[in-house]
Number of protein chains: 2
Amino acid sequence: MPGQTETSVRETRIMLQTGLSRATMDEQVPRDFETLRATILDRRESLPKRIAQIAAYALDNPDDIAFGTAASIAASAGVQPSTLIRFAQQLGFDGFTSLQQVFRERLRERNSSYDERLQALRAKAEGGAGHRAIFDGFIAAASTSLNDISRTLDDAHLEEAISLLAKAQTIYVLAKRRSYPVATYIAYALGKLKIRNQLIESAAGLNAEMVGFATPADAVIAISFSPYAPATIEEARTISEQGVPIVAITDSSFSPLAQFARVWFEVAEADFAGFRSLSATMALAMALTVGVGEKRRDVGRKRKA
Amino acid sequence: MPGQTETSVRETRIMLQTGLSRATMDEQVPRDFETLRATILDRRESLPKRIAQIAAYALDNPDDIAFGTAASIAASAGVQPSTLIRFAQQLGFDGFTSLQQVFRERLRERNSSYDERLQALRAKAEGGAGHRAIFDGFIAAASTSLNDISRTLDDAHLEEAISLLAKAQTIYVLAKRRSYPVATYIAYALGKLKIRNQLIESAAGLNAEMVGFATPADAVIAISFSPYAPATIEEARTISEQGVPIVAITDSSFSPLAQFARVWFEVAEADFAGFRSLSATMALAMALTVGVGEKRRDVGRKRKA
DNA sequence: TATGGATTGGAATTATTATTTCATATTGCT
DNA sequence: AGCAATATGAAATAATAATTCCAATCCATA
């Protein structure tokens with residue numbers, strides 16, 4: 001019997017079961033994972049027990065659905081393979097295989113290098129594709145930056161920077177403009193960890209004096225990206241000439257900050273709509289801060305013992 | 001004939017072909033994608049033409065290998081299925097299926113829900129696993145938060161908030177403590193976009209006066225997460241009583257901020273080592289800011305036309 | 001340019017996996 | 001409680017896909 005007849009017989013049966021016309025059916029089949037997810041959550045209540053069981057499993061373990069065989073998935077979820085297929089059919093798919101496609105597509109999508117997605121989103125936003133596109137762009141930029149930094153960060157530098165900062169009496173935090181939010185976050189976190197710190201703010205114009213108090217027993221976290229705020233560079237220079245060690249977060253080895261720094265990190269943030277992400281810098285800043293907190297605790301313990 | 005015999009016959013044949021003992025073979029089979037990649041690049045020169053062809057294809061289209069069938073992959077790469085299997089065997093696998101596992105594992109790894117990774121990292125960091133673990137933890141927390149928000153953000157709310165803010169004469173930005181970095185970033189970005197704004201700072205203790213200037217023609221972006229800074233809530237209340245519309249970013253519908261807000265966003269940030277990520281909030285903040293910038297430009301253009 | 005070995009193509013075979021079927025159990029309703 | 005409709009389990013079957021086999025081809029070397 002030719003495949004075509006086979007298929008149409010199957011379709012007829014499903015249509016009878018669900019009471020839907022073919023056209024309606026097609027419209028309702030969720031093609032992408034998010035729609036599928038929503039559909040499942042929507043119908044969760046009205047699903048039979050076993051079907052609900054596999055539905056829950058599917059949302060909890062999407063990767064297993066993407067890669068497993070009907071039998072293996074059914075076993076993990078504690079149902080029969082046939083139930084899995086019924087589940088797929090209830091959702092409007094014509095079998096497990098086509099349901100699985102959606103789960104596979106999801107992995108492909110997610111994995112398609114964020115760089116590519118970012119390109120696409122930039123183009124989309126340029127074309128005036130609404131505010132959601134802008135939002136997605138910032139999400140993508142942040143994700144890209146996180147991926148990048150987690151690939152490129154050098155563990156040894158991290159250790160070195162943390163040791164250096166852990167020894168400091170006071171940690172000075174130096175950043176302006178775009179980097180300023182990071183500085184305020186560091187200051188907040190250091191404060192919560194009871195680590196003495198001083199944010200070098202520009203408001204009152206007393207920076208020079210503030211900087212003057214730092215000694216070689218202290219340390220500085222300085223953050224600046226191109227175009228480097230002249231004030232940051234100036235203050236970094238002064239403070240390094242006083243012999244205060246500097247940990248710098250910046251964006252290239254040509255950065256003037258890198259020259260003054262005892263340890264420096266190169267962080268490449270992706271940008272979108274003219275604004276660079278801060279997510280990678282933030283993550284690094286937090287790691288430094290909490291790392292210093294940990295280190296001090298450890299040292300304290302050792303001294304007591 | 002039982003499967004076991006079948007298998008051992010196959011193994012013997014391969015061993016003869018490659019001239020390796022079983023023990024040596026096992027050591028050489030690349031288990032993870034990176035090793036496999038290196039192995040392929042290493043042997044690239046010495047591979048026969050068709051095998052080299054599929055090798056190149058595999059490195060260029062790893063996703064296809066992960067998802068395709070031997071036949072479909074072979075067709076895309078322009079070779080016979082049998083060649084694909086020979087390729088796998090040359091690398092020490094016992095067939096296409098086990099080669100494919102490596103490509104699938106790669107996708108799983110990359111994609112392994114950040115939540116799970118976060119759990120693992122938290123445990124690791126607790127156990128004092130060094131500073132890299134802390135860093136990875138913050139990266140994972142940030143990624144999780146980004147994933148979450150991009151799933152849950154409501155487009156309609158975004159549009160509404162942007163329209164509201166775009167109409168404002170002055171945008172006031174209100175946030176303390178942990179949220180303060182976001183506020184400074186918003187203020188920075190609004191400034192760069194030439195949008196009049198006022199950061200409500202606490203330094204000089206003049207908040208009450210500042211807040212008093214706001215009128216219903218203005219708008220507020222208020223950001224606060226549990227435990228809500230009392231000052232933020234107080235100022236939000238006052239300002240909303242003056243009839244100034246508020247766009248709030250907060251963490252639950254029970255948040256006091258949500259009560260005063262015209263539009264509010266629920267942002268669930270993952271935490272690590274006691275500090276919550278800010279990445280999702282930052283992304284949303286940037287989308288709002290740039291969205292307002294776009295909207296004003298559009299409106300300006302329309303007026304001229 | 002002949003010859004042996006390696007490589008390749010394509011069909012045949014075998015294994016695996018999805019799907020269907022049907023008997024049985026459960027549920028909801030009168 | 002009894003009936004019909006629905007849901008479930010388990011095995012049989014159909015479909016699909018991986019693997020093997022063998023003949024044909026290519027390539028290096030004498």
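Sequence lines set the chain letters: A, B, ... in the order given, protein chains first and strands last, and positions in each chain run from 1. Atom set for the values below is all heavy atoms of this structure, side chains included, hydrogens, waters and symmetry mates excluded.
A donor-acceptor pair is defined here as one N or O able to donate and one able to accept, closer than 3.5 Å; no such pair exists between the side chain of A:Ser277 and the backbone of A:Ala270. No donor-acceptor pair under 3.5 Å is formed between the side chain of B:Arg132 and the backbone N or O of A:Leu158. Not a single donor-acceptor pair under 3.5 Å links the side chain of A:Glu105 to the backbone N or O of A:Phe33.
One atom, CD1 of B:Ile65, and another, P of D:dA18, lie 11 Å apart when rounded to the nearest Å. Look at CD on B:Gln90: it is 7 Å from P on C:dT7, rounded to the nearest Å. Distance, B:Leu99 CG to D:dA18 P: 12 Å, rounded to whole Å. Computed from coordinates, the B:Ile73 CD1 to D:dA17 P distance equals 11 Å when rounded to whole Å. Summarising the geometry, the separation between NZ on B:Lys49 and P on C:dT8 is reported as 8 Å, rounded to the nearest angstrom. Rounded to whole Å, the distance from CD1 on B:Ile51 to C1' on D:dC27 is 16 Å. In this structure, CD of B:Gln100 is placed 14 Å from C1' of C:dT17, rounded to the nearest angstrom. Atom CZ of B:Phe87 is separated from atom P of D:dT20 by 17 Å (rounded to the nearest Å).
Ring geometry, A:Phe67 versus B:Phe67: the interplanar angle falls under 30°, so the pair is classed parallel (tilted spans 30 to 60°).
Residue B:Arg50 has its side chain nearest to C:dT8 when only D:dA7, C:dT8, C:dT20 are considered. The A:Arg86 side chain lies nearest to D:dG9 when the options are D:dG9, D:dA18, C:dT19. Comparing atom distances between the A:Pro48 side chain and each of D:dA17, D:dA7, C:dA18 picks out D:dA7 as nearest. The side chain of B:Ile85 lies closest to D:dT20 when the candidates are D:dT20, C:dT17, C:dC22.
Salt bridge B:Asp63/B:Arg106: present, at least one basic N to carboxylate O contact under 4.0 Å.
Using a 4.0 Å cut-off, some side-chain N or O of B:Gln89 falls inside it from OP1 or OP2 of D:dT20. Within the structure, every side-chain polar atom (N or O) of A:Gln80 is placed at least 4.0 Å from both OP1 and OP2 of D:dA11. An OP1 or OP2 oxygen of D:dC21 is reached within less than 4.0 angstrom by no side-chain nitrogen or oxygen of B:Ser82.
Across all strands, A:Leu84 comes closer than 4.0 Å to no nucleic acid atom at all (heavy-atom distances).
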